[in-house]
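Heads up, the thing below is written out as structure tokens.
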There are 2 protein chains.
Amino acid sequence: MFSKSCEYAIKAMIFVAQKSDNETRIGVKEIAKGTDAPEHFIAKIMQDLSRRKLIHSVKGPNGGFYMDKQDLMSSIADVVRAIDGDKIYSDCVLGLKACSEKNPCPVHHEYKEVKKNLIKMIEKNTIGEFKEKLDSGKYFLKNN
Amino acid sequence: MFSKSCEYAIKAMIFVAQKSDNETRIGVKEIAKGTDAPEHFIAKIMQDLSRRKLIHSVKGPNGGFYMDKQDLMSSIADVVRAIDGDKIYSDCVLGLKACSEKNPCPVHHEYKEVKKNLIKMIEKNTIGEFKEKLDSGKYFLKNN
DNA sequence: AATAGAGATGTTTTCAAAATCCTGTGAATA
DNA sequence: TATTCACAGGATTTTGAAAACATCTCTATT
Ligand code: FES
Ligand code: FES
């Protein structure tokens with residue numbers, strides 16, 4: 001579905017959303033722990049997210065990552081597009097070069113419904129909303 | 001979504017369904033051409049499908065693969081389970097060890113709907129039905 | 001029985017994703 | 001302005017799926 005990088009990215013976004021604000025920045029180490037991701041790997045992903053303006057970063061002492069009000073409005077889809085590109089939108093489920101109405105694979109019409117739902121799911125909900133969920137304590141970003 | 005092997009497997013099943021019956025068996029080379037799959041790779045996949053009893057095979061001269069009436073009743077889900085196991089059913093979209101109600105990731109409830117649709121899609125339709133579709137000429141197993 | 005066709009099985013190679021390592025750069029603080 | 005903290009970014013290594021290769025086994029045909 002999503003690449004490993006993308007899974008980490010989504011979790012990191014939700015994690016930072018929950019733990020930080022403009023005042024308290026959060027470091028790579030803490031993100032890695034909080035999301036069960038390899039530290040160096042998540043560091044690289046955070047860079048990508050930062051370059052894509054999905055999250056803010058501050059260098060130096062007391063630096064780290066944080067999200068402002070607008071960052072919280074990003075959707076999962078924004079994160080997915082930043083990391084995995086638009087392959088969720090364009091890939092054929094049976095591996096044809098592109099998913100299209102003109103050259104549909106046998107499962108295309110059945111898959112179309114699934115895809116529509118999937119896209120709705122990742123576009124509808126914002127990171128901010130998931131942060132709220134996490135606050136309730138009923139959801140988890142890692143095992144244990 | 002599905003592994004490359006699984007994509008090939010589904011395409012091969014539909015292809016053989018269309019091209020063969022108990023009399024005419026179809027060889028690995030033809031399957032590879034018809035599905036745009038690497039010959040040696042698809043050969044291995046066909047073995048798996050055969051071992052899992054999803055398709056029949058005959059060795060020796062005039063041998064090859066074919067499907068009987070019952071084989072045509074297999075669902076895409078049967079093929080997916082044979083090749084990819086049950087990870088479609090058990091994987092968490094954010095990479096937690098397992099997707100569960102007890103330890104749900106923040107996207108779990110939203111994803112549940114998507115997953116339900118996906119499973120319905122692969123369980124509802126039989127290979128035989130996709131063969132019919134292909135016969136109509138409006139669907140394709142490969143590009144060009 | 002010998003031959004050749006065709007799948008079955010096992011091993012090796014290739015390649016891209018994932019993970020790691022290392023050096024660079026900006027910012028805060030003393 | 002020197003130092004140190006923490007992100008930025010390139011280069012490299014590791015890993016596992018995908019693909020290719022080689023060999024074995026079975027069977028129809030002669
Ligand atoms: S063409 Fe295969 S899913 Fe659309
Ligand atoms: S727990 Fe993540 S999808 Fe169910």
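All chains are named by letter (A, B, ...) in the order of the sequence lines, taking the proteins before the strands, and each is independently numbered beginning at 1. Quick caveat: nothing in here was measured; it's all calculated off a predicted structure.
- Put simply, CZ on Arg52(B) is 15 Å from P on dA8(C), counting in whole angstrom units.
- The other residues sharing a hydrophobic cluster with Val58(B) are Tyr66(B), where clustering joins ILVMFWY side chains under 4.5 Å apart.
- Within residues 24-37 of chain B, the residues that have a heavy atom under 4.0 Å from DNA chain C are, in order of number, Ile26(B), Gly27(B), Val28(B).
- Residues passing the ring pair (Phe, Tyr, Trp, His ring centres under 6.0 Å) test with Tyr8(A), sequence neighbours excluded: Phe41(A).
- The phosphate of dA6(D) has neither OP1 nor OP2 within less than 4.0 Å of any side-chain N or O from Ser57(A).
- The salt bridge (Lys or Arg N to Asp or Glu O under 4.0 Å) test applied to Asp48(B) returns Arg51(B), not counting sequence neighbours.
- If you measure from atom NE2 of His56(A) to atom C1' of dG26(C), you get 16 Å, rounded to the nearest angstrom.
- In this view, Phe130(A) satisfies the ring pair (Phe, Tyr, Trp, His ring centres under 6.0 Å) rule with no residue, not counting sequence neighbours.
- Listed by chain and residue number, nothing satisfies the ring pair (Phe, Tyr, Trp, His ring centres under 6.0 Å) test with His40(A) (two or more places apart in sequence, or in another chain).
- Whole-Å rounding puts the Ile55(A) CD1 to dC7(D) P distance at 10 Å.
- In terms of the side-chain contact (heavy atoms from CB on, under 4.5 Å) criterion, residue partners of Asp84(B) (sequence neighbours excluded) are, by chain and number, Phe2(B), Ser3(B), Cys6(B), Val80(B), Lys87(B).
- Whole-Å rounding puts the Gln47(A) CD to dT23(C) P distance at 16 Å.
- Within residues 78-98 of chain A, no residue is approached by DNA chain D to less than 4.0 Å at the level of any non-hydrogen atom.
- Under 4.0 angstrom from either OP1 or OP2 of dA17(C) there lies no side-chain N or O belonging to Ser5(A).
- Side-chain nitrogen and oxygen atoms of Tyr8(A) include at least one within less than 4.0 Å of the OP1 or OP2 phosphate oxygen of dA19(C).
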- With B for base contact, S for sugar-phosphate-only contact and - for none (protein heavy atoms under 4.0 Å), nucleotides 20-30 of chain D reads BB----SBBS-
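- Remark: Phe140(A) pairs with no residue by the ring pair (Phe, Tyr, Trp, His ring centres under 6.0 Å) rule, at least two apart or across chains.
- With rounding to whole Å, Ile42(B) atom CD1 is found 16 Å from dA6(C) atom C1'.
- When rounded to the nearest whole Å, the span between NZ of Lys4(B) and P of dA16(C) equals 13 Å.
- Salt-bridge annotation for Arg81(A) and Glu123(A): present, with a side-chain N of the basic residue lying under 4.0 Å from a carboxylate O of the acidic one.
- As a member of the Ile/Leu/Val/Met/Phe/Trp/Tyr network built from side-chain separations under 4.5 Å, Leu96(A) groups with nothing else and remains a singleton.
- Look at CE on Met46(A): it is 13 Å from P on dG9(D), rounded to the nearest Å.
- Side chains of Asp78(A) and Ser75(A): a donor-acceptor N/O pair is present below 3.5 angstrom, by distance only.
- Between the CG atom of Asp48(B) and the P atom of dA8(C) there is a distance of 10 Å, given to the nearest Å.
- By the side-chain hydrogen bond (donor to acceptor under 3.5 Å, both in side chains) test, Glu110(B) is found to be paired with Lys133(A), residues two or more places apart in sequence or in another chain being considered.
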